[in-house]
Amino acid sequence: MVRPSRSHRAFQGANGVILSLVVLVTLYPFVNIVARSFSGERQIRAGEVTLWPKGFNLTTYRIVLHDGTFWRSYGNTVFYTVVSTLVAMGLTTCYAYVLSKRDLRGRQLLVGVAVFTMFFTGGLIPNYVLITSLGLKNSVWALAVPNAISVFNLLVMKAFFESLPDELEEAAQIDGLSTYGILLRIVLPLSKAVVATMVLFYSVSFWNSWFGAFLYLDRPELMPVTVYLRNLIAGATGGSGTGAATEQLTQVAANIQAVTIVLTALPILCVYPLVQRYFVSGVMLGAVKG
């Protein structure tokens, strides 16, 4: 076994120090947000909260978590995220698999159409008119269909499918599998890493999205949790009153943004460790040419 040289050990030590600093810098804002969400109004406004809550207070959490509208909005968000992610994964996977076939006629045109949409869009008003004319307003499809294919995710999956050996599909064809059979029984089982990565990308995007719902959903019972919390922030920072109500509203206004970030990020933080082991391998395998 070759012993690492002094310069190599110094390089590893420097890398360790730099990466540790990067981790600390990355974690500090989130830890600060969590501390602010549990802190009192006076300590927050005085700038005394750093990494630990001061003036421990659960007023905002209690108000939000005891509101039935919040839980209905949370359920809407889960439903919208699941449906939109399934639609996006289905369309992206099929499109990427088609583009991975080098002998496909018109392949470059299809790639060009996809890349074109990365730089040019129809605009906000034409999109709104289109969604309305198609009758998609106040439905999950208004959120799922316009954002069904991310070109970045599409190109990553395309590169991954191209890295798979052609001999596997040729053997499957000899065994009598159809195109869809090859995709479902051969390609996708070998693509768990990139599929898990794309599911993570899409689910995070749909979970955090609020502008589409704000634009295309008019009925309050259909709103996702992001729009609910946005309205709560607007009400807390713009409301007024007297007595105890004013004191409670002041507390809510002081840390509502922190509570909002914690409540919306918590589900993603719980799900991420389950797919994290696929994350690096999925992206790297899609970026390496065989």
Side-chain angles (χ1 to χ4, degrees), residues 78-121 130 134 136 139-209 212 268 271-290:
V78 173
F79 175 70
Y80 296 153
T81 300
V82 171
V83 173
S84 300
T85 302
L86 289 176
V87 172
M89 285 302 301
L91 295 178
T92 303
T93 301
C94 292
Y95 199 175
Y97 183 65
V98 168
L99 296 181
S100 66
K101 302 305 173 186
R102 297 180 177 86
D103 57 347
L104 176 70
R105 292 184 178 179
R107 176 173 177 263
Q108 294 302 321
L109 176 62
L110 293 176
V111 174
V113 169
V115 173
F116 180 83
T117 62
M118 293 181 67
F119 306 101
F120 302 97
T121 63
L130 177 63
L134 292 176
L136 300 181
S139 71
V140 64
W141 309 116
L143 308 179
V145 174
N147 302 305
I149 297 181
S150 166
V151 179
F152 173 79
N153 295 345
L154 172 70
L155 297 179
V156 170
M157 291 197 76
K158 166 184 169 293
F160 181 87
F161 290 154
E162 288 176 341
S163 68
L164 297 177
D166 295 334
E167 291 77 10
L168 289 175
E169 297 191 25
E170 294 173 357
Q173 289 176 340
I174 294 175
D175 290 338
L177 283 181
S178 63
T179 301
Y180 291 106
I182 294 173
L183 175 62
L184 296 176
R185 300 178 61 180
I186 303 297
V187 175
L188 289 183
L190 295 174
S191 308
K192 292 179 180 178
V194 72
V195 168
T197 303
M198 296 302 105
V199 168
L200 177 64
F201 284 173
Y202 275 123
S203 60
V204 170
S205 174
F206 288 121
W207 181 273
N208 292 328
S209 176
I268 298 300
V271 172
Y272 182 78
L274 302 178
V275 296
Q276 187 271 342
R277 61 194 181 105
Y278 297 109
F279 181 78
V280 174
S281 59
V283 175
M284 293 302 296
L285 284 173
V288 175
K289 300 294 183 180

Apply side-chain contact (heavy atoms from CB on, under 4.5 Å) to Leu134 and Val145, showing your working. CA-CA 11 Å; Leu134 292 176; Val145 174; over 6 Å; no

Spacing of [atom1] belonging to [X] relative to [atom2] belonging to [Y], to within rounding of 0.5 Å:
X: Phe201; Y: Thr85; atom1: CZ; atom2: OG1; answer: 13.0 Å
X: Thr93; Y: Met198; atom1: OG1; atom2: CE; answer: 9.5 Å
X: Asn208; Y: Ser203; atom1: CG; atom2: OG; answer: 9.0 Å
X: Thr81; Y: Trp207; atom1: OG1; atom2: CH2; answer: 5.5 Å
X: Ser84; Y: Phe79; atom1: OG; atom2: CZ; answer: 8.5 Å
X: Thr92; Y: Met157; atom1: OG1; atom2: CE; answer: 7.0 Å

Name the atoms and distances for all side-chain donor-acceptor pairs under 3.5 Å in residues 170-186, with sequence neighbours left out.
residue	atom	partner	partner atom	Å
Ser178	OG	Gly181	N	3.2

Over all heavy atoms of both residues, which pair between [X] and [Y] is shortest? Give the atoms and the distance, please.
X: Ala114; Y: Leu154; answer: CB-CD2, 3.7 Å
X: Asn147; Y: Tyr202; answer: O-CE2, 4.3 Å
X: Leu136; Y: Ala142; answer: O-CB, 3.2 Å

Going by the angle between their ring planes, with limits at 30° and 60°, are Phe161 and Tyr97 parallel, tilted or perpendicular? perpendicular

Passes side-chain contact (heavy atoms from CB on, under 4.5 Å), Leu104 versus Leu110? Steps please. CA-CA 10 Å; Leu104 176 70; Leu110 293 176; 4.1 Å; yes

Run the salt bridge (Lys or Arg N to Asp or Glu O under 4.0 Å) test against Arg107 and tell me which residues pass, sequence neighbours left out. Glu162

Do Pro146 and Leu130 come close enough that some side-chain heavy atom pair is under 4.5 Å? no

In the structure I gave you, are the side-chain heavy atoms of Phe206 and Val83 within less than 4.5 Å of one another anywhere? no

Exam field: side chain Thr197 to backbone Ala193, donor-acceptor pair closer than 3.5 Å: yes

